[in-house]
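Reckoned from all heavy atoms, side chains included, excluding hydrogens, waters and symmetry mates.
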Amino acid sequence: MKRPITAALAVIGYVIMIVPIIFVVATAFTSGSTLRFPPDGFSLRWFDEALGYEPFIGAAISSLELAVVATALALLVGVPVTLAVHRGKLPGKSLVEGLFLSPLIVPELVVGLALFQQLMVGLDLDNFSTLLVGHTALMLPYAVRVTGASLALADPALEEAARGLGASPLRAFFNVTLPILRPGIFSAGLLSMVTSFNNVPLSLLLQGRDFRTLPVTMLDYVQQSYDPMVAAASTLVLAATVVIAVIAERTVGFAKIFGGINQ
Amino acid sequence: MLFAPPDVATGEIFARLGEMLTDPYDLAVIGRTVGLALAVTIICVVLGFPIAYWLARSPSRWSGVFLAVAIFPLMLSNVVRTFGWLVILGSKGALGQLLVQLGIVEVAPQLLYTKLAIILGLTQLFLPLAIISCYSAVAQVDPGLDDASRGLGGGRIRTMWSVVIPLTMPGIVVAATLVFAGSVTAYTTPYLLGGSSQRMLSTQLFNYASTTVDWATASATALIMTVLVFLVSGLSSLIGRKGATS
């Protein structure tokens with residue numbers, strides 16, 4: 001190695017990022033009933049327990065519902081906004097751009113508190129609707145950025161050509177623009193669904209008795225009991241995330257998805 | 001409006017804010033939040049920049065794999081990522097056991113619910129963000145400039161300090177801002193790894209809003225958090241602008 005310091009720092013960095021995840025998986029397969037290391041033996045009992053634990057299953061379904069609906073809403077609003085920002089010449093364009101493309105630094109816990117106070121207590125909205133409002137707002141920038149990144153690569157001349165050849169604006173949009181945008185929309189959707197599903201800070205204060213999200217339910221469980229069931233549940237979430245990540249890598253490419261956010 | 005609960009007078013929130021800014025316990029929480037966030041920011045930049053530089057410049061085909069490994073955790077649940085530290089740092093955890101087995105200590109030390117635990121947890125959480133921001137900055141710098149500097153007799157370290165780092169400064173500032181703001185507002189990590197002995201603003205906020213249902217104080221805490229985040233992002237865009245004009 002020509003750069004010993006760089007190499008050492010890189011090793012430390014990767015250890016901190018990855019080793020805890022390995023430990024989660026390793027403890028999930030223990031046959032003992034405490035979070036000890038090395039594990040007592042090999043068994044799948046905690047996977048059985050996690051999959052049979054109603055609060056986790058119910059919360060997983062709730063989280064999935066919320067993620068799908070919030071993502072759909074965010075795309076429904078976000079894609080037209082992206083088109084308007086990139087193609088249109090609307091006044092106040094830079095303001096819209098600034099609003100959606102400013103760095104994603106939002107104290108989500110604070111937004112959650114505000115939503116709780118204003119919508120749930122103030123307007124008496126139920127907690128699913130309030131969560132939906134919050135998650136949709138949080139996902140909007142993802143939708144605008146990631147679809148915007150793929151739109152920026154597309155040639156506006158293609159649309160003009162379609163129009164010149166006699167296609168109506170609507171037809172030009174559905175036959176030319178939308179197919180160009182499809183990978184962008186796909187990756188924006190994937191990313192925002194994963195982000196919504198995993199969200200804690202925004203959702204934390206918006207939990208209800210009938211509608212609870214999975215990450216918050218898991219947090220509560222960890223606080224009450226110190227057994228490996230959460231490790232098993234975490235491993236299942238990890239496995240699902242790996243599958244999604246592979247799909248993302250194969251279809252659009254990681255770097256593109258996340259590159260869209262950080263440019 | 002954002003900070004005004006429907007049935008709490010605005011005056012009351014500012015009264016609580018005043019109390020918090022003079023109360024030693026609350027000041028300690030604010031100080032701890034800022035201090036830990038600063039520490040995590042420095043660590044993430046110090047670890048993240050070299051990794052990003054290596055990933056961007058290495059001709060090896062493995063660098064693509066390592067980039068993916070660095071980005072992947074961003075898609076993974078924070079609860080899952082943080083939970084791993086409980087297994088490592090817990091009372092029967094791997095690190096404590098290891099230290100005992102190696103004979104370094106007699107009894108496994110308290111590792112969980114310490115500042116160290118929070119720093120490790122937050123570094124794990126935000127290092128990928130730092131790597132990505134630095135990576136896109138390094139990737140935009142023409143590698144020819146490195147070679148030119150070397151060719152003109154600049155050593156490896158001098159090239160780094162006088163060529164690469166100044167050119168990638170905007171990316172480094174963005175990385176630092178994202179990590180600092182993220183650390184100030186993170187909830188899962190201080191909740192699981194800090195517990196009640198290492199309270200940060202976020203865990204306090206949750207406590208006021210949910211456990212003690214003291215909305216005026218919750219709003220005051222939210223106000224402090226928001227001001228901190230906006231202060232830092234304002235400062236960073238100021239630095240960014242100055243860098244762009246000079």
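Pairs engaging residues 231-245 of chain A under the side chain to side chain donor-acceptor pair (under 3.5 Å) rule: none recorded [sequence neighbours left out]. Within the structure, side chain to side chain donor-acceptor pair (under 3.5 Å) contacts touching residues 121-132 of chain B (residues at least two apart or in different chains) are B:W85-B:Q124.
For A:F116, the part sitting under 4.5 Å from any heavy atom of chain B is the side chain, from C-beta outward, and nothing else. Proximity to chain A (any heavy atom under 4.5 Å) is shown, for B:V232, by neither the backbone nor the side chain. In this structure, chain A has a heavy atom under 4.5 Å from the side chain of B:Y53, while its backbone stays farther away. For a residue to count as touching a neighbouring chain, one of its non-hydrogen atoms must lie under 4.5 Å from one of that chain's; by this rule A:A233 does not touch chain B. Interface residue B:L205: only side-chain heavy atoms are found under 4.5 Å from chain A. With a 4.5 angstrom heavy-atom cutoff, B:L55 touches chain A only via side-chain atoms. In this structure, the portion of A:L205 lying under 4.5 Å from any heavy atom of chain B is its side chain and not its backbone. A:V230 touches chain B through backbone and side chain together, each having a heavy atom under 4.5 Å away. In this structure, chain A has heavy atoms under 4.5 Å from both the backbone and the side chain of B:V80. Neither the backbone nor the side chain of B:A137 comes within contact range of chain A, judged by heavy atoms closer than 4.5 Å.
Applying the 6.0 Å contact sphere to CZ of B:F66 captures no more than 12 heavy atoms from other residues, nucleotides or ligands. For A:I5, the CD1 atom counts as loosely surrounded, since its 6.0 Å shell holds 12 or fewer non-hydrogen atoms of other residues, nucleotides or ligands. Enclosure of atom CD1 in B:I157 is not indicated, since only 12 or fewer non-hydrogen atoms of other residues, nucleotides or ligands lie within 6.0 angstrom. Residue B:R158 qualifies as open at atom CZ: its count of foreign heavy atoms under 6.0 Å is 12 or below.
With a 4.5 Å cut-off on side-chain heavy atoms, B:N78 and A:V200 do not count as touching. The side-chain heavy atoms of B:W215 and A:V121, taken from C-beta on, include a pair separated by under 4.5 Å.
Residue A:V194 comes nearest to B:M75 through the heavy atom pair CG1-O, 3.1 Å, listed as atom of the first residue, atom of the second, then distance. The nearest pair of heavy atoms linking B:L47 to A:L9 is CD2-O, 3.5 Å. The nearest pair of heavy atoms linking B:I51 to A:A10 is CG1-CA, 3.6 Å.
Heavy-atom pairs under 4.5 Å with chain A were tallied for B:Q97, B:K92, B:R81; the largest tally goes to B:K92. With chain A as partner, the option from B:S91, B:C44, B:P50, B:P73 having the largest number of non-hydrogen pairs under 4.5 angstrom is B:P50. Looking only at heavy-atom pairs under 4.5 Å with chain B, the residue among A:P201, A:A231, A:G112 that has the most is A:A231. Contact count against chain A (heavy-atom pairs under 4.5 Å) is highest for B:L127 among B:L89, B:L127, B:V229, B:T82.
Atom CE in A:M218 sits 6.0 Å away from atom OG in B:S77 (nearest 0.5 Å). To the nearest 0.5 Å, the span separating CG on A:L113 from OG1 on B:T221 amounts to 9.0 Å. Atoms CE and OG1, on B:M160 and A:T6 in that order, are 6.0 Å from each other to the nearest 0.5 Å. In this structure, A:Y221 OH and B:F83 CZ are separated by 9.5 Å, a value rounded to the nearest 0.5 Å. If you take CG on A:L109 and CE on B:M225, they are separated by 5.0 Å, rounding to the nearest 0.5 Å. Rounded to the nearest 0.5 Å, atoms CG (B:L125) and CD1 (A:I16) are 12.0 Å apart.
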Pair B:L76-A:N198, side-chain contact (heavy atoms from CB on, under 4.5 Å): steps then yes or no: CA-CA 7 Å; B:L76 187 58; A:N198 290 334; 5.7 Å; no

Show every donor-acceptor pair shorter than 3.5 Å between a side-chain atom in residues 17-32 of chain A and any protein atom, with sequence neighbours excluded, or say none if there are none.
unit_1, atom_1, unit_2, atom_2, d
A:T27, OG1, A:F23, O, 2.7
A:T27, OG1, A:V24, O, 3.1
A:T30, OG1, A:G32, N, 3.0
A:T30, OG1, A:D40, N, 3.3
A:S31, OG, A:G41, N, 3.4

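Listed by sequence position, B:T185, B:Y187, B:T188 are the residues of residues 182-189 of chain B in contact with chain A, using a 4.5 angstrom heavy-atom cutoff.
A distance-only check finds no donor-acceptor pair linking the side chain of A:Y14 to the backbone of B:V69 [under 3.5 Å].
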